[in-house]
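To keep things clear, I will list the structure first and then write my remarks on it.
Within every chain, numbering begins at 1; the chains are lettered A, B, ... in the order of the sequence lines, protein sequences first and strands thereafter.
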2 protein chains.
Amino acid sequence: MTIPLASELVIQFNKLQTRFVKRIDAQLSVHGISYTEYMVMYYLNGAENDSLRRVELAEFVGLSASGITRMLMPMQKMGLVQKDSSHRDARVSLVKLTLAGKSIFNDAQKSFNHTTAALTRSMTDKQQQKFLALTQQLFS
Amino acid sequence: MTIPLASELVIQFNKLQTRFVKRIDAQLSVHGISYTEYMVMYYLNGAENDSLRRVELAEFVGLSASGITRMLMPMQKMGLVQKDSSHRDARVSLVKLTLAGKSIFNDAQKSFNHTTAALTRSMTDKQQQKFLALTQQLFS
DNA sequence: GATATATACTTGCTCAATCAATTATATACA
DNA sequence: TGTATATAATTGATTGAGCAAGTATATATC
């Protein structure tokens, strides 16, 4: 049986992504954080008011609510993030980067960008743009 | 700080893949198997002599050796795969699909192909080919 | 205002996967 | 031949994540 194009695409795609994350994880471990933790910090860093609610964070990072709770526990213990409560809604717990967190994120970001550049160095800029555009297209 | 193209690419790429796997997992659960179990069966199905060594399987699927051992245990219990020993090398344990395993794989494959087609339906065939080619290029 | 429903988060339990250590066997070489 | 090293697989301990259930608070409706 010949394998359909779409399946071949998904399988190769998945394989590549697994490889990417492993490489990035290895690099980030120098800073003591994982890929997912990096993504958490990345979104917190870019958020307005420098803070996000847990559900928002979960949505961005692609984790469940409980996944976020568990992920943040050690990060808080390490002093990377801190909790704040919302005075608008007593249910929500806002998360933000601490100063130490920001500093570590800045360092990690350099590693991250460096690694992604290495991972995609077999592509020209134009190809990367094309590839990104096609990736975006698949979201719809 | 503007985010570099390569990093944007990797992040979007990762996000998309997570989404893909979730959708496929949901579909495959009808057949009682996960994405990774599907991949195991997929490689076993395509292997010559219908069997693979655990290390080979691990390499293909992108798991560690122990990951494969643990993954195969329940699959064996469910009767999807069986063990064989190699007469060339007493250390190796060959894995192959059982008849039941083949049958379930065939059903699952239909679901899988159907789902991947749905996931990529926003792309023309030509775009899919382009995308696959770019993906392959990143492996080097 | 009281009751029902929805939302934000946390906790207990479970599963999948990893690493490090272990066992068994194979290969290399002094 | 015997000893060191390498390889295949498994096992114990740990981690990351999910789901289902629970708690606290908010909103909607009667």
Side-chain angles (χ1 to χ4, degrees), chain A residues 14-15 17-19 21-26 28-29 32-41 44 47 51-78 80-96, chain B residues 14-15 17-19 21-26 28-29 32-41 44 47 51-78 80-96:
Chain A
N14 183 56
K15 215 177 208 171
Q17 193 269 351
T18 307
R19 187 190 284 207
V21 172
K22 272 179 191 160
R23 272 281 279 287
I24 293 172
D25 256 329
L28 288 178
S29 74
I33 61 176
S34 68
Y35 182 91
T36 315
E37 285 167 336
Y38 179 83
M39 289 313 301
V40 164
M41 297 173 89
L44 287 177
S51 72
L52 286 174
R53 298 161 1 137
R54 277 151 150 70
V55 271
E56 293 170 328
L57 206 43
E59 169 64 23
F60 285 141
V61 178
L63 287 184
S64 65
S66 68
I68 282 290
T69 295
R70 291 190 210 284
M71 167 117 311
L72 289 177
M73 270 184 321
M75 293 181 76
Q76 200 176 344
K77 207 172 281 176
M78 284 190 286
L80 299 174
V81 299
Q82 67 185 56
K83 262 188 189 180
D84 266 326
S85 47
S86 163
H87 42 271
R88 292 192 181 178
D89 186 334
R91 292 169 305 177
V92 327
S93 150
L94 298 168
V95 197
K96 65 190 296 189
Chain B
N14 182 56
K15 219 176 205 169
Q17 194 268 351
T18 306
R19 187 189 286 206
V21 171
K22 271 178 190 160
R23 272 280 278 287
I24 294 173
D25 256 327
L28 288 178
S29 74
I33 61 176
S34 67
Y35 183 90
T36 316
E37 284 166 336
Y38 179 83
M39 289 314 300
V40 164
M41 297 173 88
L44 287 177
S51 72
L52 286 174
R53 297 157 6 133
R54 276 151 150 71
V55 271
E56 293 170 328
L57 206 42
E59 169 64 24
F60 285 141
V61 178
L63 287 184
S64 65
S66 67
I68 282 291
T69 294
R70 301 209 139 98
M71 166 117 313
L72 290 177
M73 270 183 323
M75 291 181 77
Q76 200 175 343
K77 208 172 282 177
M78 285 190 285
L80 300 174
V81 300
Q82 67 185 54
K83 261 188 190 181
D84 267 325
S85 48
S86 163
H87 42 269
R88 291 192 180 178
D89 187 334
R91 292 170 303 177
V92 326
S93 151
L94 298 167
V95 198
K96 64 190 298 188

Exercise for the section: Go through Lys83(A) and Arg54(A) one step at a time and tell me if the side-chain contact (heavy atoms from CB on, under 4.5 Å) criterion holds. Expected result: CA-CA 10 Å; Lys83(A) 262 188 189 180; Arg54(A) 277 151 150 70; 3.4 Å; yes
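- Between Ile33(A) and Leu80(A), some side-chain heavy-atom pair lies under the 4.5 Å cut-off.
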Practice task
Would you mind building the protein contact string for nucleotides 11-23 of chain D? One character per nucleotide, 5' to 3', B for base within reach (heavy atoms under 4.0 Å), S for sugar-phosphate only, - for untouched.
Solution key: BBB---BBB----
Exercise for the section: Begin from the C-alpha positions of Asp25(A) and Lys22(A) and carry the test side-chain contact (heavy atoms from CB on, under 4.5 Å) through to its verdict. Expected result: CA-CA 5 Å; Asp25(A) 256 329; Lys22(A) 272 179 191 160; 5.7 Å; no
Exercise for the section: Show your working on side-chain contact (heavy atoms from CB on, under 4.5 Å) between Met39(A) and Met71(A) and close with a plain yes or no. Expected result: CA-CA 11 Å; Met39(A) 289 313 301; Met71(A) 167 117 311; over 6 Å; no
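- Residues of residues 80-94 of chain A that place a heavy atom closer than 4.0 Å to DNA chain D, in numerical order, are Asp89(A), Ala90(A), Arg91(A).
- Taking atom CD on Glu59(A) and atom C1' on dC9(C), their separation rounds to 16 Å, with Å as the unit.
- Atom-to-atom, CG of Leu52(A) to C1' of dC9(C) comes out at 15 Å; the value is rounded to the nearest Å.
- Within the 4.0 Å cut-off from OP1 or OP2 of dT10(D), at least one side-chain nitrogen or oxygen of Arg54(B) is found.
- Taking atom CG of residue Leu72(A) and atom C1' of nucleotide dT11(C), one finds them 15 Å apart after rounding to whole Å.
- Close to dC9(C), at under 4.0 Å from its OP1 or OP2, lies no side-chain N or O of Arg53(A).
- The shortest heavy-atom contact between Ile24(A) and Tyr35(A) is CG2-CD1, 3.7 Å.
- Whole-Å rounding puts the Tyr35(A) OH to dT18(C) P distance at 18 Å.
- In this structure, the separation between CG on Leu28(B) and CZ on Arg23(B) is 12.5 Å, given to the nearest 0.5 Å.
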Exercise for the section: Go through the steps to decide whether Phe60(A) and Leu52(A) satisfy the test side-chain contact (heavy atoms from CB on, under 4.5 Å), and finish with yes or no. Expected result: CA-CA 10 Å; Phe60(A) 285 141; Leu52(A) 286 174; 3.9 Å; yes
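- The distance from the CG atom of Leu94(B) to the CD atom of Gln82(B) is 10.5 Å, given to the nearest 0.5 Å.
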